[in-house]
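Everything below concerns the one structure shown next.
Numbers here are sequence positions counted from 1. Both ligands and their constituent atoms are indexed starting at 1 by order of listing.
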Amino acid sequence: MSDSGRIKPYSAPAAGWGALKSVTKAWVSSEKPLKNLRAMLKTNQDQGFDCPGCAWGESPEKHMVKFCENGAKAVNWESTGRLVTPAFFAKHAVSQLRKQSDYWLEYQGRITHPMRYDALTDHYIPINWDEAFALIARHLNGLESPNQAEFYTSGRASNEAAYLYQLFVRALGTNNFPDCSNMCHEASGQGMASTIGVGKGTVVFSDFAKADAIFVIGQNPGTNHPRMLEPLREAVERGAQVVCFNPLKERGLQRFQHPQHPLEMLSNGSEPTNTAYFCPKLGGDMAALRGMAKFLLQWEREAQADGQSPVFDHEFIQAHTQGLDAYLAEVDATSWQHIVEQSGLSQADIELAANMFCRADKVIMCWAMGITQHKHSVATVQEIVNLQLLRGNVGKPGAGLSPVRGHSNVQGDRTMGINEVPPDWFLDAIEQRFQFQVPRQHGHNTVQAIQAMEARQAKVFIGLGGNFAQATPDTPRTHAALQNCDLTVQISTKLNRSHLTTGHDALILPCLGRTEVDMQESGQQGITVEDTFSMVHLSYGQLPPCSEQLRSEPAIVAGIAKATLGNHPVNWHELIADYSRIRDLIADTIPGFADFNVRLQHPGGFHLGNAAAERRWNTQSGKATFGQSPLPSQLVNDKILARGDKPDLILQTLRSHDQYNTTLYGLDDRYRGVFGLREVLFVNEEDIQRLGFAAGDKVDIVSLWEDGRERRISSFELVAYDTPSGQAAAYYPETNPLVPLESYGDGTYTPTSKFIAIKLEKSAPDKRIASAKV
Ligand SMILES: Nc1nc2c(c(=O)[nH]1)N[C@H]1C(S)=C(S)[C@@H](COP(=O)(O)OP(=O)(O)OC[C@H]3O[C@@H](n4cnc5c(=O)[nH]c(N)nc54)[C@H](O)[C@@H]3O)O[C@H]1N2
Ligand SMILES: Nc1nc2c(c(=O)[nH]1)N[C@H]1C(S)=C(S)[C@@H](COP(=O)(O)OP(=O)(O)OC[C@H]3O[C@@H](n4cnc5c(=O)[nH]c(N)nc54)[C@H](O)[C@@H]3O)O[C@H]1N2
Ligand SMILES: [Mo]
């Protein structure tokens, strides 16, 4: 037990009454409860707005309440009655604000005016929009090369904003598009594009009701995609198998309930029987999946010898795939000892999982950050694909691949061309439509953008949403890199630490949130988003903007573009007057969007199509291709061991129940039994003893990396937790100072946020956590 916080195991089911209590708290503390209730009832409804929470899609049924606890929190958090006005900035110097916690900063409310940083007084002061745009234009036009600017995007930006942003940036002359996707599902896109020819999930919402088995791997839907609990619950009810792989016993996966079913809430939930929960080591999933493949192969050979019906889907494999023999050779070459050691699962457990997989005719595999934030993430995603290909589980109803996306429009932003390595066909289409040459040279991803700013090769940073300073790895280095810039610009709704890591010049440009009415010359505008199932639909804000000064994201991008480029390559003003004109441009240049404005009128929107789901393979060979990667020989690699020190533990950094990425709604993590504090380290009880500590002790966490920089966070409380030995967990973003910038996924540059080698030291009594602050 700590002085300020409480650790208490949680025994109630996920969602249920605890969720309702938590929603009510968020709603009342927004200080606009009545208005927000009306808004909440419009969440994800036709003519309503898309939930700014996660990217989970909708059931087609009408008139259902379609928000969850965390969606309600997101809505209330955005549409708070608290305001950050020029008077606020006059009162607080930036150096003073830096001393406040991330929670305090966002809690101050919505930013109401465009502000410019004044280095002389160390205060933000008001600036009018035209001057702000002119300042940006001066900086951008003064660069030796457009490649000296970085254009970050967070996945909440609408399709319309993202499309204009990429058009402007490419017209300026660079592909420097670091985005949150680089830290998120990058490996899913790469692992799937290289095997099935499409970087997006192949299932739609209705497939979940048809699946015989659903695997949930490295994902915590109870907190991060709560609306997914409903199809999971329904699957268990009708006797389908739900199989989870997660080193932590996540409450939301062990027991699930939905707040829209009050009777079940009262019954307090019961442990379902047709679910299985496997706890691999961090990064051990590829080994576990390879082990499953090994069983499949063994059973296939046995079936062939005995003349029994085959285990593999030979018809599918024959007609649609290539590379089977080489893959099976790789499977044969992987030893059980290697598999068991790396996965942390017994051969018997893996056999059980393989059995559940094989028994089901139609299997959906879902995954998220537990799979994508590792060094060997692309290979792991490919291994998921391989298993599904063996059984013909791609491109049939009730089966497929489902990387469950994070931000509500992160998938749409990529579709719109927020991509530092854009495909040629996309650039060709832009050139053809707009008659200007686009840069062909690849741009910077998030890690490369930080490296470039650190080296003063990049001098301007513009963030379309997000919180770059806190979401990225190696926090002190990233902060210094941002502060190295000549200009930093943050297009934001709320105050965060990125506003305090200022370049020489700095701007805060306040924008409308998803919940707010966007009024332009032709009337109220809707924006569009794409969910994790590739459904595109309209979203209309419902609430009056919190300040008259706010501009929409598309209008801000257009303002910057006009000031920098004039009316090249489009008349930006005209596009903003009516967003359907932006959508016409999208329809002209991006496949799947023909008749965009017409098809949007369909309630619920339209599906973009997915070639792999129709068994058309946009790969080089024209077939789905088995991935061929060997299992990594060791996960604790040479760069970790370079300085001769072995890690005490491997750390994963994850989300609490009370946060949205770097946005902290509160300090509780109800399902994990943590209340009122975030500086905790979850460790297996035996490990705590082995390392010479006791639960409740305060420790410093130090990470190991070859470059020998000191990476340390101080005064974290040890919490005994049910996790396999050697595996620890702590919350992001507080742990980002431990993630080395150079520790990223092979091919993806995604920081290895789920695999950090650490040592523990007893904290000096007076040490406070300094790291998360500037
Ligand atoms: N309320 C809320 N909703 C959100 C977000 C939020 O912060 N709050 N964030 C949004 C975003 S951007 C994203 S990307 C998603 C993230 O959604 P998740 O991927 O669910 O997010 P994390 O909290 O990172 O959880 C990772 C899960 O994977 C497990 N895990 C970690 N490492 C491994 C591993 O090596 N193997 C396996 N099998 N499991 C592992 C962890 O124990 C944890 O349960 O959620 C989105 N939705
Ligand atoms: N260690 C570690 N690091 C991680 C992760 C991890 O699991 N572990 N996860 C990674 C992942 S998956 C992701 S996606 C990234 C997230 O990285 P980001 O997307 O950069 O971070 P967020 O915390 O989602 O951004 C929050 C800010 O967005 C702004 N905002 C909110 N709504 C709007 C809006 O409508 N418009 C605009 N313009 N701004 C808005 C607010 O000012 C708010 O402060 O973090 C990554 N970093
Ligand atoms: Mo994400």
Considering only heavy atoms, which of [options] lies nearest to [atom]?
{"atom": "atom 1 (N) of ligand 2", "options": "Val739, Asn736, Thr752", "result": "Asn736"}
{"atom": "atom 36 (N) of ligand 2", "options": "Glu553, Arg156, Met183", "result": "Glu553"}
{"atom": "atom 13 (C) of ligand 2", "options": "Tyr732, Tyr660, Trp77", "result": "Tyr732"}
{"atom": "atom 17 (O) of ligand 2", "options": "Ser158, Gly466, Ala471", "result": "Ala471"}

Considering only non-hydrogen protein atoms, determine which one is nearest to [atom] and report residue, atom name and distance to 0.1 Å.
{"atom": "atom 38 (N) of ligand 1", "answer": "Asp285 OD1, 2.7 Å"}
{"atom": "atom 7 (O) of ligand 1", "answer": "Asn661 N, 2.6 Å"}
{"atom": "atom 32 (N) of ligand 1", "answer": "Leu282 CD2, 3.2 Å"}
{"atom": "atom 30 (N) of ligand 2", "answer": "Thr493 OG1, 3.2 Å"}
{"atom": "atom 34 (C) of ligand 1", "answer": "Gly370 O, 3.2 Å"}
{"atom": "atom 8 (N) of ligand 2", "answer": "Thr653 OG1, 2.9 Å"}
{"atom": "atom 23 (O) of ligand 2", "answer": "Thr662 OG1, 2.6 Å"}
{"atom": "atom 11 (C) of ligand 1", "answer": "Gly406 CA, 3.3 Å"}
{"atom": "atom 20 (O) of ligand 1", "answer": "Asn220 N, 2.8 Å"}
{"atom": "atom 26 (C) of ligand 1", "answer": "Lys754 CE, 3.7 Å"}
{"atom": "atom 42 (O) of ligand 2", "answer": "Lys494 O, 2.9 Å"}
{"atom": "atom 43 (C) of ligand 2", "answer": "Glu106 OE2, 3.2 Å"}
{"atom": "atom 39 (N) of ligand 2", "answer": "Gly465 CA, 3.4 Å"}
{"atom": "atom 21 (O) of ligand 2", "answer": "Asn467 N, 3.6 Å"}

Under 3.5 Å, is there a donor on one side chain and an acceptor on the other for [X] and [Y]?
{"X": "Tyr165", "Y": "Asp413", "value": "no"}
{"X": "Asp285", "Y": "His374", "value": "no"}
{"X": "Gln470", "Y": "Asn467", "value": "no"}
{"X": "Asn159", "Y": "Asn409", "value": "yes"}
{"X": "Ser408", "Y": "Arg514", "value": "yes"}
{"X": "Glu186", "Y": "Thr372", "value": "no"}
{"X": "Ser743", "Y": "Trp705", "value": "no"}
{"X": "Gln652", "Y": "Lys754", "value": "no"}

With a cut-off of 4.0 Å, which atoms of ligand 1 are near a heavy atom of [X]?
{"X": "Thr223", "value": "1 (N), 2 (C), 3 (N)"}
{"X": "Cys54", "value": "47 (N)"}
{"X": "Phe245", "value": "37 (C), 38 (N), 39 (N)"}
{"X": "Glu250", "value": "42 (O), 43 (C), 44 (O)"}
{"X": "Gln652", "value": "30 (N), 31 (C), 32 (N), 41 (C), 42 (O)"}
{"X": "Cys184", "value": "14 (S)"}
{"X": "Ala368", "value": "19 (O)"}
{"X": "Gly218", "value": "19 (O), 27 (C), 28 (O), 37 (C), 38 (N), 39 (N), 40 (C)"}

Does ligand 1 have a heavy atom under 4.0 Å from the side chain of [X], from its backbone, from both, or from neither?
{"X": "Arg655", "answer": "both"}
{"X": "Asn224", "answer": "both"}
{"X": "Lys73", "answer": "neither"}

Taking the side chain from [X] and the backbone from [Y], do they hold a donor-acceptor pair closer than 3.5 Å?
{"X": "Gln727", "Y": "Leu282", "value": "yes"}
{"X": "Arg711", "Y": "Asp474", "value": "no"}
{"X": "Gln659", "Y": "Ser656", "value": "yes"}
{"X": "His499", "Y": "Asn496", "value": "yes"}
{"X": "Asn445", "Y": "Gln448", "value": "yes"}

Over 60° means perpendicular and under 30° means parallel, so tell me whether [X] and [Y] are parallel, tilted or perpendicular.
{"X": "Phe168", "Y": "Phe151", "answer": "perpendicular"}
{"X": "Phe533", "Y": "Trp56", "answer": "perpendicular"}
{"X": "Phe245", "Y": "Phe278", "answer": "tilted"}
{"X": "Phe468", "Y": "Tyr152", "answer": "perpendicular"}
{"X": "Phe682", "Y": "Tyr731", "answer": "perpendicular"}

query: Would you say Thr472 has any N or O atom under 3.5 Å from an N or O of ligand 2, going by distance alone?
result: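 In this structure, Thr472 places no N or O atom under 3.5 Å from an N or O of ligand 2.
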- prompt: Between Ile491 and ligand 2, is there a nitrogen or oxygen pair with a distance under 3.5 Å?
  reply: yes
Provide the number and element of each atom of ligand 2 under 4.0 Å from a heavy atom of [X].
{"X": "Cys511", "answer": "36 (N), 37 (C), 38 (N)"}
{"X": "Tyr152", "answer": "17 (O), 18 (P), 19 (O), 20 (O)"}
{"X": "Gln373", "answer": "5 (C), 6 (C), 7 (O), 9 (N), 10 (C), 12 (S)"}
{"X": "Met369", "answer": "12 (S)"}
{"X": "Ser154", "answer": "18 (P), 19 (O)"}

message: Contact between ligand 1 and His374 is defined here as a heavy atom of the residue under 4.0 Å from a ligand atom; is it met?
response: yes
message: Regarding ligand 1, does His407 bring an N or O atom to under 3.5 Å of one of the ligand's N or O atoms?
response: no
field: Pairing of Asp658 and Arg670 as salt bridge, 4.0 angstrom limit
entry: no
- prompt: What do the steps show when you test Ser154 against His407 for side chain to side chain donor-acceptor pair (under 3.5 Å), and what is the final call?
  reply: CA-CA 8 Å; Ser154 166; His407 266 300; 3.3 Å; yes
